[in-house]
Enquirer: 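Let me give you the structure first, and then I'll get to my questions.
Lettering of chains follows the sequences in order, A, B, ..., and the numbering in each one begins at 1. Keep in mind the model is a prediction, meaning the values are calculated, not measured.
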Amino acid sequence: MKTKLFGWIDERTGAEAIIKSQLTEYQVPKNLNYMWNFGSLALLVLVLQILTGIFLAMYYKPSAALTYGGYTVAFDSVERIMRDVNFGWLIRYMHAVGASAFFVVVYMHVGRGLYYGSFKGPRELLWIIGVVILLIMQGAAFFGYLLPWGQMSFWGATVITNLFGALPVIGDFLQQVLRGGFAVSDPTLNRFFSLHYLFPLLLAAIVGGHVHALHVVHSNNPTGLDVHEGKGTIPFHPYYTVKDAFGVGVFLTIYCYIVFFNPQMGGYFIEVDN
Amino acid sequence: MTDQADQSRRNFLYVAAGGMGAVAAGAAVVPFIGSMLPAADTLAASKTEFDVSTVEPGQLVVIQWQGKPVFVVNRTPEFLAQVDGHDDMLKDPNSEAIDEVSAEWMDTPEKRKYRSIKPEYLIVVASCTHLGCIPLFKPTKGRKDWGDSVPEDWPGGWHCPCHGSLYDISARVINGSPAPHNLHLMPYKYLSDTKVLIG
């Protein structure tokens, strides 16, 4: 089975042992229900967001300067993505719907953890890393929300940066650090774009830590009684790769329906003001 | 459990599912690569109109067409006379080497020589055919105005500052230049006596 190339890589990385311990011989409780699918779905959406985001960044321009038409460069560049860039509408809708889908999927993931007690020992650190991921996700989403530079973007950013201004003593300082000015303005837009690109990369790294922490303590299961070895468990591959793939199929069906037929979701996914 | 499994049926399902997944992934690549191609507004800007009467005799004007620089020269009778007499110095005096250096209106030896619809107005893509720099306009003969940046028998034309390619006053490349071809022509036509539509 082992090809020469794989043998060469294996000798230098120990790849075979990693694949065995993390995938083909990684033991997972055999009684997981479909609530355990949302972790892999969250990873899928993260990848989709990073991918679509890279392509959007090729055309998006983070500038509040006014154009001859009386709009702003940022808003016009989003308009251009929607009207002129090939498949730009598709990639932007994938990104915007993906942002909402990310939270739907992650809330299900968190809800599963709460309901089945996945936060309890020995999985405390796994849960804490998850909370950090959630906070960074919210930051990334908030920064992204400003980028179209529409009414909801602007006032959303104004309100949230004002929250920091309410802190005693350091409030004004923090607010100015966030805004780069005394109101949400061009420098704010620029730094939000920069951070909007940075945060998903942080996420990707921390998700790696989340998965590693999981593989140390292993998955919880619906009974709440730990079954690590032997009769109660089955290897992740092929059993849960196939089950996750099925979940991906169901998810993509719903996601594609929304992207293609109802991308604004009646104003819940993309507000008319934006 | 593995003992009871129908392996050929299982393999078929693996291949079928994997194949469908590969097709879907391949299809998903289309919009992403497609988005990197020129956008609709970029394509719409692919034609440029220019009034050649705004170019003074002897003057060179650089205009933009599809984001690329284009030379428009108003050649005086003096400049036009410089086109003759150095065919032996040229790599491709009749502009026949590749399609880009000729045009369908080049139907007479005269037009092949002047490389323009109206002899006085030369319109060529301003990118050196070596690696794309914009050559400098050095239209007068000899070294009087240009020093030793040009050869002693300089017929007048262009000198590329990047790697020293030389072109004559019809933008034909001179022997010994690193550039392989004459400066490219682009499709253009006269809409009226002086209005040119490039592209």
Enquirer: Check this for me: F6(A), atom CZ, are more than 12 non-hydrogen atoms of other residues, nucleotides or ligands nearer than 6.0 Å?
Expert: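 Counting neighbours around CZ of F6(A), more than 12 heavy atoms of other residues, nucleotides or ligands fall under 6.0 Å, so yes.
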Enquirer: Quick one: closest heavy-atom pair of Y14(B) and P238(A), and the distance?
Expert: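 Scanning both residues completely, I find the closest heavy atoms to be OH-CB, 3.9 Å.
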Enquirer: Can you confirm whether more than 12 heavy atoms, excluding those of Y190(B), are under 6.0 Å from its OH atom?
Expert: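 Yes, OH of Y190(B) has more than 12 neighbouring heavy atoms, counting only those of other groups under 6.0 Å.
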Enquirer: Working to the nearest 0.5 Å, report the span between CG of L37(B) and CZ of F87(A).
Expert: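 Going from the CG atom of L37(B) to the CZ atom of F87(A) covers 9.5 Å.
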Enquirer: Would one find more than 12 heavy atoms of other residues, nucleotides or ligands at under 6.0 Å from atom CD of E78(B)?
Expert: no
Enquirer: Does atom CE (M58(A)) have a neighbourhood of more than 12 heavy atoms from anything else shown, all under 6.0 Å?
Expert: yes
Enquirer: Can you give me the closest heavy-atom contact between F55(A) and M36(B), atom names plus distance?
Expert: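 Reported closest heavy-atom pair: CE2-SD, 3.5 Å.
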Enquirer: Do side-chain atoms of D84(A) reach the backbone of A39(B) as a donor and acceptor pair under 3.5 angstrom?
Expert: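 No, D84(A) side chain to A39(B) backbone: no donor-acceptor pair under 3.5 Å.
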Enquirer: Ignoring hydrogens and geometry, is there a side-chain-to-backbone donor-acceptor pair from N86(A) to P31(B) under 3.5 Å?
Expert: no
Enquirer: Can S35(B) and R92(A) be counted as having a side-chain donor-acceptor contact under 3.5 angstrom?
Expert: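 Side chains of S35(B) and R92(A): no pair found under 3.5 Å.
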Enquirer: Please say whether more than 12 non-hydrogen atoms of neighbouring residues, nucleotides or ligands are located less than 6.0 Å from CG in N11(B).
Expert: yes
